[in-house]
Amino acid sequence: MQSYTIGQASRLLGVSPDTVRRWADAGRVTTRRDENGRRLIEGRDLAAFAVEVGQGGPSGQSDEDLTYTSARNAFPGIVTAVKLGDVAAQVEIQAGPHRLVSLLTREAVEELGLEVGVEATARVKSTSVHIDRP
């Protein structure tokens, strides 16, 4: 399972690293230390927390905390759900306060290694959403 540093988690959640540290210190999201002493968040834990934040739960952001950009077509986030069919698949990404859903082939999901807790970017063009993986 992929783990995320505080900095990576803050970028995916759309908040500052200090905010993620405060949430971790308050027990809102579980962290562990790696061999170098860095705090890490397991991908599944971060995915569940991202959904809570995106739904405006107790840890949600105010409008003043949001980052604004002119690049409106790329949404880096974390995979929060994957539903596989025989041929097609549905992938949900929580990108800060935005929940995006993409329908793509099962083969594409498998090739990209998409699963809950994995970092991915949703790219939107017209009426389609494409998924990238770093």
Side-chain angles (χ1 to χ4, degrees):
M1 172 54 58
Q2 186 168 350
S3 297
Y4 295 90
T5 64
I6 295 291
Q8 291 170 321
S10 71
R11 185 174 51 80
L12 295 170
L13 294 169
V15 298
S16 73
D18 286 337
T19 297
V20 177
R21 282 187 201 93
R22 283 192 298 274
W23 287 339
D25 291 344
R28 292 185 134 146
V29 64
T30 304
T31 62
R32 66 174 173 82
R33 300 255 181 202
D34 69 4
E35 61 278 354
N36 297 319
R38 294 181 309 166
R39 293 170 89 172
L40 299 177
I41 303 170
E42 295 300 320
R44 288 193 181 273
D45 294 337
L46 183 58
F49 189 67
V51 170
E52 180 184 333
V53 170
Q55 293 173 342
S59 56
Q61 332 171 27
S62 68
D63 287 341
E64 295 86 38
D65 294 333
L66 296 176
T67 302
Y68 295 93
T69 178
S70 63
R72 307 227 185 271
N73 63 337
F75 296 88
I78 187 166
V79 176
T80 57
V82 177
K83 297 175 186 165
L84 294 174
D86 291 337
V87 176
Q90 177 178 313
V91 176
E92 293 182 25
I93 292 179
Q94 191 71 41
H98 309 289
R99 177 181 163 265
L100 297 113
V101 179
S102 179
L103 300 176
L104 55 163
T105 65
R106 179 186 181 116
E107 180 181 12
V109 169
E110 291 169 350
E111 285 178 6
L112 290 170
L114 296 175
E115 60 183 29
V116 172
V118 170
E119 181 178 1
T121 300
R123 297 197 186 274
V124 179
K125 181 176 180 194
S126 199
T127 59
S128 64
V129 176
H130 304 267
I131 305 293
D132 295 345
R133 176 128 189 253

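Predicted model only: the values in this text are computed from it and were never measured.
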Of all pairs that satisfy salt bridge (Lys or Arg N to Asp or Glu O under 4.0 Å), the ones with a partner from residues 107-117, not counting sequence neighbours: R106-E110

Suppose the criterion is salt bridge (Lys or Arg N to Asp or Glu O under 4.0 Å): which pairs have a residue in residues 14-26, not counting sequence neighbours? D18-R21, D25-R39

Nearest heavy atoms of [X] and [Y], plus distance in Å:
{"X": "R32", "Y": "S3", "result": "NH2-OG, 3.0 Å"}
{"X": "P17", "Y": "I6", "result": "O-CG2, 3.5 Å"}
{"X": "A47", "Y": "T80", "result": "O-CG2, 3.5 Å"}
{"X": "P76", "Y": "A74", "result": "CD-O, 3.5 Å"}
{"X": "L104", "Y": "A108", "result": "CD1-CB, 3.8 Å"}

Decide yes or no for L103 and Q90: does some side-chain heavy atom of the first lie under 4.5 Å from some side-chain heavy atom of the second? yes

Below 4.5 Å, heavy atoms only, C-beta onward: do V118 and L112 meet side chain to side chain? no

Output all residues satisfying side-chain hydrogen bond (donor to acceptor under 3.5 Å, both in side chains) with T5, sequence neighbours left out; order by chain, then residue number. Q8

In this structure, would L84 and I93 fall into the same cluster of hydrophobic residues linked by side-chain contacts under 4.5 Å? yes

Joint cluster assignment, V29 & L40, ILVMFWY side-chain distance < 4.5 Å: no

Distance (rounded to the nearest 0.5 Å) between R44 CZ and I78 CD1: 10.0 Å

From L12 CG over to Y4 OH, what is the distance, rounded to the nearest 0.5 angstrom? 6.5 Å

One pair to check against side-chain contact (heavy atoms from CB on, under 4.5 Å): F49 and I41. What are the steps and the verdict? CA-CA 10 Å; F49 189 67; I41 303 170; over 6 Å; no

Donor-acceptor contact present, side-chain N36 to main-chain R38, <3.5 Å: no

